[in-house]
Amino acid sequence: MQTKVYDHIGIEERWQKAWEEQGLFQNMAATVKPGDDWLYLLFAFAYPSGQGLHVGHVESKTALDILARFNRMSGKKVFFPVGWDAFGLPAENYAVKTGVHPAETTRSAIDTFRRQIKRIGISYDWEAEIATSHPGYYKWTQWLFLELYKKGFAYQGDGMVNWCPSCQTVLANEQVVNGACERCDTEVTQKNMKQWFFKITEYKDELISGLDQVDWPEATKQQQLHWIGKGEGLNIDFTLKNTKVVLPIWTKFWETIFGTTFIVIAPEKFLELELEQFLPSGQAKSVMTYIEEASHKTEEERKIGEKDKTGVNTGLFVVNPVNGDSIPLFVADYVLMGVGTAIVMGVPAHDQRDFAFAKKFSLPIIQVVAYADKKIDQKVAAGEMSFEAEGVLVNSGQFDGMSAWGSGKAKMAEWMIGQHFARFQTTYKLRDWLISRQRYWGAPIPIVYDPEGKPHPVKEEHLPWTLPTDVDFKPTGESPLTSSKEFQARVEKLYGKGWRPEYDTMDTFVDSSWYYLRYGSARDESQFADPEQLKALLPVDFYMIGPEHIVLHLLYSRFFTKFLRDQGYLKFDEPFTKMRHQGMILGPNGKKMSKSKGNVINPDEIIEKFGADTLRVYEMFMGPIESDKPWDVSAVAGVYRFLQRTQAAVLSQVGEAESLKHPEMIAVRRKLHQTIAKVAGDIGSLKFNTAIAALMEFINVYERACREVKLVLPEAEVLAWTQLIAPFAPFLAEELFQSGHADAEPGFASIHLTNWPQSDATLAAEQEFVVPVQIDGKVRARLLIKADKVTDETYVVAQARADAIVTRWLQGTSATARYIAGKIVSFSTQA
RNA sequence: GCCUCGGUGGCGGAAUUGGUAUACGCGUCAGACUUAAAAUCUGAUGGUCUUACGAUCUUGUGGGUUCGAGUCCCACCCGAGGCACCA
């Protein structure tokens, strides 16, 4: 029966070329009309690394491509652009090593990616392609900086910043992971520098509330919330004994304040408040030594103290405002600057850290919350738990007996605020975004300094403020742009003698956090984005992005969106309406793919051997798009077989059609129409794996039927079958659709331009139902019920009772029956 | 410690959201074709007992709700990812 081999190489080359010549799905932005409703599908901005496409890229790109093709066939206008996050460190580091200019490296990497992506048939709109390193793009990145500057959202700040000694640049808080540089894993140090910041904190509350508007994975929302780190607590004034010096503490758990047996202050805060003047002479030396040592510790060293807390008793006492108790003041570096007020109350009975500290320094422990459960009370005494359970206040003066988390907490706050020594204070973890980078391969910050060193914005007519090329790449701790003669000359020519440029470039996250606004106006030189385009295309309807970008990129993108909205440029609050994360494709051994482990699957090799269609369908068939899944070398061949069988089956659809009345024909057509409905539903809910399984089921049914009789389906149904394949295996589908022609004619109508088939409910309807019979919850028999009887409860139950096995099980019982139409007959023998 | 997912055959995974557990694919076994192998095709394939009809057990563990639980509730165990001296 298989007369024609599956020539995947020939098929894929032919149709890639034909589509390209025809410009299929290209330049869609030109067709935007007012009032249009577009489906905007977006893939995470990719960094064009020298490695080329890996199987993970293929997975998420294919998933989006399936959505694009399916929705186009369903009559939607689809915007599906692509671009490159082309500035960044790898190309620059490579330049340092080899001397090849980053522009060169980047261009050839992009060429490789583009060729590979076309080869796997992703139907991107290449007319909207953008690259952040192109002056036509970064002109608008700089424009955005100036907009922020004009509105006071970009400012120069002085202070301690994160410094990566290996990358020789400052880093944003978000780029420091466990005290190390997220890129090179070098330990980050602190450095005092004057740098540019964006005022993202201005939108902190909206960055929280906006999450309610979007359809994102719960975990992603949680992580964003955690990063913003809103904490609602109380500032409570303790005073240094015998002075008027106020030491405000901040706490979320003020209900335990009667249990405070010590106060701890951060070393830096101690100096800031100049408390050293009060130190008793005997104590002064040890305290100052401790503070000195703490200042030399790195973040990592401070964290080692997590188990063994360090600290020093100052010999000073503070007064607890709620009861006038004198309690000792300690300096300890586990209290961090920047969290709350950097002064904490130590309540060892109800906090694990405080407990450890109290044990170490032999401080008293006063329990102020009693728990109904004695076991919890014991745990509290052993320091094993903190705020895990609700209890009743004790040892707390007039608040004794009140609920710790209920009336007690509320009454206590009310009282303390009434006494004027406490006030509500909300704190946030989010800090302003540090965007200066002392690196070359990025967008220059459009700022110039006058001879007095005062910053001025680069005039808009001078944009793009181009990146000079006469630059020494070697990182010296100075920005590489310092070495450019052209840059300096340009500034003096345009702004006057003695002026100098800002030598730093912008964090690449600035480039990549507004790109989705640019696609619709990719070649527009007059504005960052055309308002009509924005209105029709945005916000992004579906965003597919790796889970690694959750905090940085999304937070920044949301900030830009809200800022531009407030300037009147955008009409929406959130840029990404719906978002999902693709899972990771693991090596065949179930481990993350890496060259050193030798478990990397190269997509080019799979394409050579099995074809791009097989690669696409296999990756979609592996499992749910959002979960991590290992590569299975032999399962790929199974998918290849499926495509091969599909080709053979469709190509055999010539000749005399079997009568439509033939039972095998009826069964196959029923399955086909069921499959049409199933595939459309599954694509809609991103269940590509089960959609493909359904297509496999269909061909199984078809081939089985063909063993009885040669089946030639009606033409419309052969077409429908081919169309179902089209989003998944676009090359093969086109080949089957065009198989009547010898070659692609100029102006041929692609299958990808046809209308998605409709399932005929009548043909899809089952004629018989298998109804299981349960007796006390166990399936004992199955009945075959004709469709016209399936709603007839009396009939079905009678059939069930008549069944031999059921009769046996029901003998001597008085069973009651219930029937869920078409689903199940359930007998219960219990009374 | 906290947050978020997960745990189903030898493996990847299905299960219309409370109604036939193990769809589909891989693998394995048997068979056809072949001198042979590969490729391709056909059949079987959760465990235990049984010649068979069939019975019985089975969705991480233990309880519960229900005629009926992979699915809902409670407690716990294990794994992955993220966060964390956050007061």
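Every chain is numbered from 1 and lettered A, B, ... according to where its sequence line falls, protein lines coming before strand lines.
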Q: How long is the line joining OH of Y618(A) and C1' of C24(B), in whole Å?
A: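 From Y618(A) OH to C24(B) C1': 13 Å.
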Q: Using a 4.0 Å heavy-atom cut-off, does G638(A) contact any base of the nucleic acid, only the sugar-phosphate backbone, or nothing at all?
A: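 Counting heavy atoms under 4.0 Å across all strands, the contact made by G638(A) is with sugar-phosphate only.
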Q: Ignoring hydrogens and geometry, is there a side-chain-to-backbone donor-acceptor pair from D682(A) to N689(A) under 3.5 Å?
A: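 Side chain of D682(A) to backbone of N689(A): no pair is present.
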Q: Using only side-chain N and O atoms of N700(A), determine if any of them is under 4.0 Å from OP1 or OP2 of A23(B).
A: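 For N700(A), the contact criterion (side-chain N or O under 4.0 Å from OP1 or OP2 of A23(B)) is not met.
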Q: Counting only Watson-Crick pairs (N1-N3 plus N6-O4 or O6-N4) and G-U wobbles (N1-O2, O6-N3), all under 3.5 Å, who is the partner of A30(B)?
A: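 A30(B) is paired with U42(B).
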Q: If pairing requires Watson-Crick or G-U wobble contacts with both distances under 3.5 Å, which nucleotide is the partner of A37(B)?
A: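 In the structure as shown, A37(B) has no Watson-Crick or wobble partner.
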Q: Taking NZ from K629(A) and C1' from G6(B), how many angstroms apart are they, rounded to a whole number?
A: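 Between C1' of G6(B) and NZ of K629(A): 14 Å.
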Q: Is there a donor-acceptor pair under 3.5 Å between the side chain of R616(A) and the backbone N or O of P727(A)?
A: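 Yes, the answer is positive, given that a donor and an acceptor are paired below the 3.5 Å cut-off.
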Q: Provide, to the nearest angstrom, the distance between the CG atom belonging to D776(A) and the P atom belonging to U66(B).
A: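 After rounding, the reported distance stands at 14 Å.
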Q: Look at K252(A) and A87(B) and indicate whether a side-chain polar atom (N or O) is within less than 4.0 Å of OP1 or OP2.
A: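 For A87(B), OP1 or OP2 has a side-chain N or O of K252(A) closer than 4.0 Å.
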Q: Determine the Euclidean distance between corresponding P atoms of U66(B) and U61(B); express it in Å to zero decimal places.
A: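 One P to the other, the span is 23 Å.
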Q: Can you tell me whether the base of G70(B) sits syn or anti, using the 90° cut around 0 to define syn?
A: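 It is anti.
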Q: U20(B) phosphate, OP1 or OP2: any side-chain N/O from K778(A) under 4.0 angstrom?
A: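 Looking at the OP1 and OP2 atoms of U20(B), neither is under 4.0 Å from any side-chain N or O of K778(A).
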Q: Aromatic contact between F357(A) and F262(A), with the criterion being ring centroids under 6.0 Å apart: yes or no?
A: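 Between F357(A) and F262(A), the centre distance is under 6.0 Å.
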Q: Is L430(A) close to K230(A) at the side-chain level, that is, under 4.5 Å between some pair of heavy atoms?
A: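 Counting from C-beta outward, K230(A) and L430(A) never come under 4.5 Å.
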Q: For C85(B) and G81(B), measure between their C1' atoms and round to the nearest Å.
A: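 It works out to 22 Å between them.
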Q: Describe the nucleic acid contact of A693(A) in one word from base, sugar-phosphate, nothing, applying a heavy-atom distance below 4.0 Å.
A: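 Base contact.
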Q: Please work out if P624(A) contacts a base, only the sugar-phosphate, or nothing of the nucleic acid, heavy-atom cut-off 4.0 Å.
A: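 Counting heavy atoms under 4.0 Å across all strands, the contact made by P624(A) is with sugar-phosphate only.
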Q: Closest nucleotide of RNA chain B for G623(A) versus for I820(A): which of these residues is on the 5' side?
A: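 Result: G623(A).
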Q: Could you tell me how far G70(B) sits from G62(B) if I compare only their P atoms? Round to whole Å.
A: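 Straight-line distance between the two P atoms is 14 Å.
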Q: Using atom CG of D351(A) as one end and atom C1' of C2(B) as the other, report the distance to the nearest whole Å.
A: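 Nearest whole value for this atom pair: 14 Å.
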Q: Using atom types as modelled and distance alone, determine if a side-chain donor or acceptor of D776(A) lies under 3.5 Å from a backbone N or O of T829(A).
A: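 Side chain of D776(A) to backbone of T829(A), a donor-acceptor pair under 3.5 Å: yes, one is there.
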Q: Between F621(A) and F728(A), is the ring centroid distance below 6.0 Å?
A: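 Centroid distance F621(A)-F728(A): not below 6.0 Å, so no.
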Q: From the list U20(B), C67(B), A87(B), which nucleotide is the closest neighbour of the side chain of P772(A)?
A: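 Selected nucleotide: U20(B).
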Q: Check for me whether the distance between the ring centres of Y702(A) and W721(A) falls short of 6.0 Å.
A: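 That pair passes the under 6.0 Å test.
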Q: If you compare every side-chain N and O of R818(A) against the phosphate oxygens of U66(B) (OP1, OP2), does one of them come in below 4.0 Å?
A: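 For R818(A), the contact criterion (side-chain N or O under 4.0 Å from OP1 or OP2 of U66(B)) is not met.
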Q: What does G70(B) pair with, Watson-Crick or G-U, if both distances are under 3.5 Å?
A: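 Pair assignment: G70(B) / none.
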Q: On a whole-Å scale, what distance lies between the C1' atoms belonging to U59(B) and U20(B)?
A: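 Those two atoms are separated by 15 Å.
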Q: Give a yes/no answer on whether the side chain of R431(A) brings an N or O atom under 4.0 Å of OP1 or OP2 in C86(B).
A: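 It does not, given that no N or O in the side chain of R431(A) lies less than 4.0 Å from OP1 or OP2 of C86(B).
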Q: Charged N to carboxylate O under 4.0 angstrom, R423(A) versus D237(A)?
A: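 Yes, charged N to carboxylate O under 4.0 Å.
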Q: On a plain distance test, is the side chain of Q222(A) in donor-acceptor contact with the base of G82(B) below 3.5 Å?
A: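 Looking at the base of G82(B), it does not pair with any donor or acceptor on the side chain of Q222(A) (distance under 3.5 Å).
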Q: Can you tell me if N689(A) touches the phosphate of A14(B), counting only side-chain N or O atoms and a distance under 4.0 Å to OP1 or OP2?
A: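 N689(A) to A14(B) OP1/OP2: side-chain N or O found under 4.0 Å.
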Q: Paired with U48(B): which nucleotide, if any, by Watson-Crick or G-U wobble criteria at under 3.5 Å for both distances?
A: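 Result: A55(B).
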Q: To the side chain of K429(A), which of U40(B), G43(B), C83(B) is closest?
A: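 Shortest atom-to-atom distance from the side chain points to C83(B).
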Q: With a 4.0 Å cutoff (strictly under), does any side-chain N or O of W809(A) reach OP1 or OP2 of A55(B)?
A: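 Affirmative; the distance criterion is met.
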Q: Please report the distance, rounded to the nearest Å, between CG in L586(A) and C1' in G81(B).
A: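 Roughly 12 Å, once rounded to whole Å.
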Q: With P as the reference atom in both, quote the distance from G9(B) to U58(B) in angstrom, rounded to an integer.
A: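 It works out to 14 Å between them.
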Q: With sugar-phosphate meaning primed atoms plus P, OP1 and OP2, does V339(A) contact a base, only sugar-phosphate, or nothing at under 4.0 Å between heavy atoms?
A: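 V339(A): base contact, heavy atoms under 4.0 Å.
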Q: Counting distance only, does the side-chain N/O of K592(A) pair as donor-acceptor with the main-chain N or O of M584(A) below 3.5 Å?
A: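 Checking the backbone N and O of M584(A) against the side chain of K592(A), no donor-acceptor pair under 3.5 Å is found.
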Q: At 4.0 Å (heavy atoms only), tell me whether D628(A) reaches a base, stays on the sugar-phosphate, or touches nothing.
A: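 Sugar-phosphate: the residue D628(A), judged by heavy atoms under 4.0 Å, touches backbone atoms but no base.
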Q: Under 4.0 Å, heavy atoms only, any strand: does E697(A) hit a base, just the sugar-phosphate, or nothing?
A: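 The answer is sugar-phosphate, as E697(A) gets under 4.0 Å only of primed atoms, P, OP1 or OP2.
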Q: Can you find a side chain N or O atom of R808(A) that sits less than 4.0 Å from OP1 or OP2 on G54(B)?
A: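 Result: no.
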Q: Measure the shortest side-chain to side-chain distance between E232(A) and F424(A) over non-hydrogen atoms and say whether it is less than 4.5 angstrom.
A: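 Heavy-atom side-chain distance check fails, nothing below 4.5 Å.
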Q: For T690(A), report the nucleic acid contact type (base, sugar-phosphate, nothing); a contact means any heavy atom under 4.0 Å.
A: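 Sugar-phosphate contact only - T690(A) comes under 4.0 Å of backbone atoms but never of a base.
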Q: OP1 or OP2 of C26(B) less than 4.0 angstrom from a side-chain nitrogen or oxygen of R641(A), does that happen here?
A: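 Yes, such a contact exists.
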Q: Any donor-acceptor pair, under 3.5 Å, between the side chain of S828(A) and the base of C67(B), if you only look at N and O atoms?
A: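 Answer is no: no donor-acceptor pair is held.
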Q: State the pairing partner of G81(B); accept Watson-Crick or G-U wobble contacts with both distances under 3.5 Å, and report none otherwise.
A: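 Here G81(B) is engaged in a pair, and the nucleotide opposite it is C3(B).
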Q: If I pick the C1' atom on C86(B) and the same atom on G13(B), what distance separates them, to the nearest angstrom?
A: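 That atom pair is separated by 41 Å.
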Q: Take atom CD of E619(A) and atom P of C24(B), then tell me their distance rounded to the nearest Å.
A: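 Answer to the nearest Å: 23 Å.
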Q: May I ask you to decide if K578(A)'s main-chain N or O and D215(A)'s side chain share a donor-acceptor pair within less than 3.5 Å?
A: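 No; zero donor-acceptor contacts below 3.5 Å.
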Q: Of the options U4(B), G82(B), U20(B), whose atoms approach the side-chain atoms of E218(A) most closely?
A: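 The nucleotide sitting nearest to the side chain is U4(B).
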Q: Check nucleotides 46-53 of chain B against the protein and report each pair of N or O atoms closer than 3.5 Å, with its distance, or say if there are none.
A:
none

Q: Does a side-chain N or O of K687(A) approach OP1 or OP2 of A23(B) to a distance below 4.0 Å, or not?
A: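 No, no such contact exists.
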Q: Between R782(A) and G19(B), does any side-chain N or O lie under 4.0 Å from OP1 or OP2?
A: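 For G19(B), OP1/OP2 do not have a side-chain N/O of R782(A) under 4.0 Å.
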Q: If we call it a pair only when both distances are under 3.5 Å in a Watson-Crick or G-U wobble match, what pairs with U22(B)?
A: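 Check on U22(B): unpaired, no WC or wobble geometry under 3.5 Å.
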Q: Can you work out whether S627(A) or I775(A) has the more 5'-proximal nearest nucleotide on RNA chain B?
A: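 Closest to the 5' end, via its nearest nucleotide, is S627(A).
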Q: Specify the separation, in whole Å, of atom CZ of F610(A) and atom P of A39(B).
A: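 These atoms are roughly 11 Å apart.
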Q: So which nucleotide from C85(B), G19(B), A21(B) ends up closest to the side chain of D333(A)?
A: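 Nearest to the side-chain atoms of D333(A), counting from C-beta on, is C85(B).
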Q: Does A15(B) have a Watson-Crick or wobble mate here (both distances under 3.5 Å), and if so which one?
A: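 Checking every strand shown, A15(B) finds no partner, since no pair has both distances under 3.5 Å.
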Q: Considering only atom C1', compute the distance from U8(B) to C3(B) and round it to an integer number of Å.
A: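 Those two atoms are separated by 26 Å.
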Q: C86(B) P sits how many Å from Q425(A) CD, rounded?
A: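 Whole-Å distance recorded here is 19 Å.
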Q: Does U17(B) sit syn or anti, given that only angles within 90° of 0 count as syn?
A: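 Judged by the O4'-C1' to base torsion, U17(B) sits in syn, the angle falling within 90° of 0.
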Q: Return the set of residues passing side-chain contact (heavy atoms from CB on, under 4.5 Å) with R808(A) (not counting sequence neighbours), or none when no residue passes.
A: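 Applying side-chain contact (heavy atoms from CB on, under 4.5 Å) to R808(A) gives none.
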